[in-house]
Amino acid sequence: MTRRFDVLVIGGGNAALCAAISARRAGASVLVLEGAPKFYRGGNTRHTRNMRCAHDAATEILTGPYTEEEFWNDLLLVTGGQTDEELARFMIHESKDILNWIVEQGVRWQPSLGGTLSLGRTNSFFLGGGRAMLNALYRTAEELGVDILYNAEVIDLKIEDGMFLSAALKQPVNGKTEVRASTLVAASGGFEANIEWLKESWGEAADNFLIRGTPYNRGAILKLLLAKGVQEIGDPTQCHAVAIDARAPKFDGGIITRHDSVVFGIVVNKHAERFYDEGEDIWPKRYAIWGRLVAAQPDQIAYIIFDSTVVTSFMPTLFPPIAGQTIAELAGQLELDPAALEKTITEFNAAVQPGTFDHTILDDCRTEGITPQKTHWARKIETPPYLAYPVRPGITFTYLGTRVNKQARMLMKDGKPSANMFAAGEIMAGNVLGKGYAAGIGMTIGSVFGRVAGREAAKNARN
């Protein structure tokens, strides 16, 4: 701890490891500070499964091409145009090379998993999932000579005129609590696990949010950087938020609590009323809107209702559905008004039009004469037992973050680039994601900007 490192990386997930490996391969000495214990290292990367990268042709694990322009159009669609086009297009272009670069760091791919998300053409799946991917990156980093400290919580940053000087640790290491380095890469995630910070924008509703990912992403580094002159970007209420099982734990529920069944039924609130089009768009582009939709409902609770004909149509979750032989019985199980739920389902069934069902395309199964309309995949709910999942907003990561340029260098509030500070991953995701989400893009942001940040930090340190 008495030595001065070339590059200090704060964080321990995909973005941090890509930065550390990239910097070390460029010849820099690197120290990684992971605030979590070793078993819980890796932030939200532990819970991921895949990454979205542009590619010009099918591969052994991808079923067809996914061009830069198609990727850009998908991003434009889910963000509603709220993205930095220059940075987004840069990320998409760089993602093409990441497919091979990440393999060179020890990560392995597998063919796409089946299920509702249907990502075999666009997204590459990690062999063994996010934990295996993370272990591969840590193994490579260690073999390259990257130093790694766990339980290394940073409580302060010394920054003067946009230049990082040192970081202060909560717990001393070998008697030292100060870490000095020539450059800083912040890759420490968002603030989704900080309920009090969420409540500043969401109010008391945030008490009912569940956090899909790590309890260690409390936004301490983000708060320090913004307080010390780094320019912020993003809306504090925007985040990657999906509908997850209301029975999930407060933190770390991960992928097995997410529900992919919305398109196969209807969603009602505590008053047994539908509130949004369950068939608006293909699921990989729309699954991540449901967290915010449920957050806007009374008591931040909703219920996905379907019947026994569709139970094998989607990926099952950790929790079994709640069942009833009649709608009234199901309503009783959910503590909903039976008459209200029967009325909602009767009206929905009457509005369903004939069509040919195909959940992989925007099919012609729709409703007419009710509001909200279900524009695709509408089928009657009429075959008992009737089933339901209770859901709450599941926050994956927040979008408020640090503004960066194409070198992943942080920009200060006066618009000037920092002298020696870089950012990668969720802490700067708001540059690309103003709102909305497309499956696998969080890992793309982390890998692309992590690699760039490490490379540029090493170059900065040498100069």
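The figures here come from the full heavy-atom set of this structure, side chains too, leaving out hydrogens, waters and symmetry mates. The structure presented is a predicted model; accordingly, all values stated were derived computationally and were not measured.
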Going by the rule salt bridge (Lys or Arg N to Asp or Glu O under 4.0 Å), which residues pair with [X] if we only count those two or more places apart in sequence or in a different chain?
X: Glu456; result: Lys459
X: Arg52; result: Asp74
X: Glu68; result: Lys96
X: Lys170; result: Glu153

Sub-6.0 Å ring centroid separation between [X] and [Y]:
X: Trp377; Y: Phe264; answer: no
X: Tyr389; Y: Phe319; answer: no
X: Trp109; Y: Phe125; answer: no

### Message
Show me the pairs that pass side chain to side chain donor-acceptor pair (under 3.5 Å) and involve residues 26-38, at least two apart or across chains.
### Response
Asp6-Ser29

### Task
Using the side chain to side chain donor-acceptor pair (under 3.5 Å) rule, collect all pairs that involve residues 133-143, keeping only residues at least two apart or in two chains.
Arg41-Asn135

Over all atoms of both residues, closest heavy-atom pair of [X] and [Y]:
X: Gly446; Y: Cys18; answer: O-CB, 4.4 Å
X: Ile92; Y: Ser95; answer: O-OG, 2.6 Å
X: Val7; Y: Ala181; answer: C-CB, 4.3 Å

If we count only N and O atoms by modelled type, under 3.5 Å, do the side chains of [X] and [Y] hold a donor and an acceptor together?
X: Asp281; Y: His376; answer: no
X: Glu192; Y: Asn217; answer: yes
X: Gln105; Y: Arg25; answer: yes
X: Thr375; Y: Asp277; answer: yes
X: Thr214; Y: Asp252; answer: no

Identify whether the distance between the nearest side-chain nitrogen and carboxylate oxygen of [X] and [Y] falls below 4.0 Å.
X: Arg258; Y: Asp260; result: yes
X: Arg89; Y: Glu94; result: no
X: Lys223; Y: Glu232; result: no

For the backbone of [Y] and the side chain of [X], can you confirm whether one donor and one acceptor N or O come within less than 3.5 Å of each other?
X: Arg292; Y: Thr237; result: yes
X: Asp299; Y: Ile301; result: no
X: Arg24; Y: Ala141; result: no

Is it true that, when you exclude [X] itself, more than 12 heavy atoms of the residues, nucleotides or ligands shown sit nearer than 6.0 Å to its [atom1]?
X: Lys416; atom1: NZ; answer: no
X: Glu70; atom1: CD; answer: yes
X: His93; atom1: NE2; answer: no

Under 4.5 Å between any side-chain heavy atoms of [X] and [Y], yes or no?
X: Thr183; Y: Met421; result: no
X: Cys53; Y: Val448; result: no
X: Val78; Y: Tyr437; result: no
X: Leu76; Y: Glu85; result: no
X: Tyr276; Y: Val267; result: no
X: Phe251; Y: Tyr216; result: no
X: Leu411; Y: Asn405; result: yes
X: Val262; Y: Trp290; result: yes

Go through the structure and list residues passing side-chain hydrogen bond (donor to acceptor under 3.5 Å, both in side chains) with [X], not counting sequence neighbours.
X: Gln231; value: Arg403
X: Arg286; value: Glu280
X: Asp358; value: Thr360
X: Asp84; value: none

Can you measure from [atom1] ([X]) to [atom2] ([Y]) and round to the nearest 0.5 angstrom?
X: Leu184; Y: Met410; atom1: CG; atom2: CE; answer: 5.0 Å
X: Ser22; Y: Arg451; atom1: OG; atom2: CZ; answer: 7.0 Å
X: Arg218; Y: Ile211; atom1: CZ; atom2: CD1; answer: 10.5 Å
X: Ser182; Y: Leu8; atom1: OG; atom2: CG; answer: 10.5 Å
X: Ile21; Y: Leu137; atom1: CD1; atom2: CG; answer: 4.5 Å
X: Ile98; Y: Met91; atom1: CD1; atom2: CE; answer: 10.5 Å

### Query
Do Arg121 and Tyr66 meet the cation-pi criteria used here (NZ or CZ under 6.0 Å from the six-membered ring centre, within 45° of the axis)?
no

### Query
Cationic tip of Arg131 within the cone over Phe39's six-membered ring, i.e. under 6.0 Å and within 45° of the normal?
yes

#### Entry: Pairs flagged by salt bridge (Lys or Arg N to Asp or Glu O under 4.0 Å) wherever residues 424-446 is involved - sequence neighbours left out
none

Scan the side chains in residues 159-167 for donor-acceptor partners under 3.5 Å anywhere in the protein, sequence neighbours excluded, and list what turns up.
from   : atom 1 : to     : atom 2 : distance (Å)
Ser166 : OG     : Glu178 : OE2    : 3.1

### Task
Let me know which of Trp197, Phe209, Phe191 forms a ring pair (Phe, Tyr, Trp, His ring centres under 6.0 Å) with Trp202.
Phe209

### Query
Phe449 vs Phe90 aromatic rings, parallel, tilted or perpendicular, using cut-offs 30° and 60°?
tilted

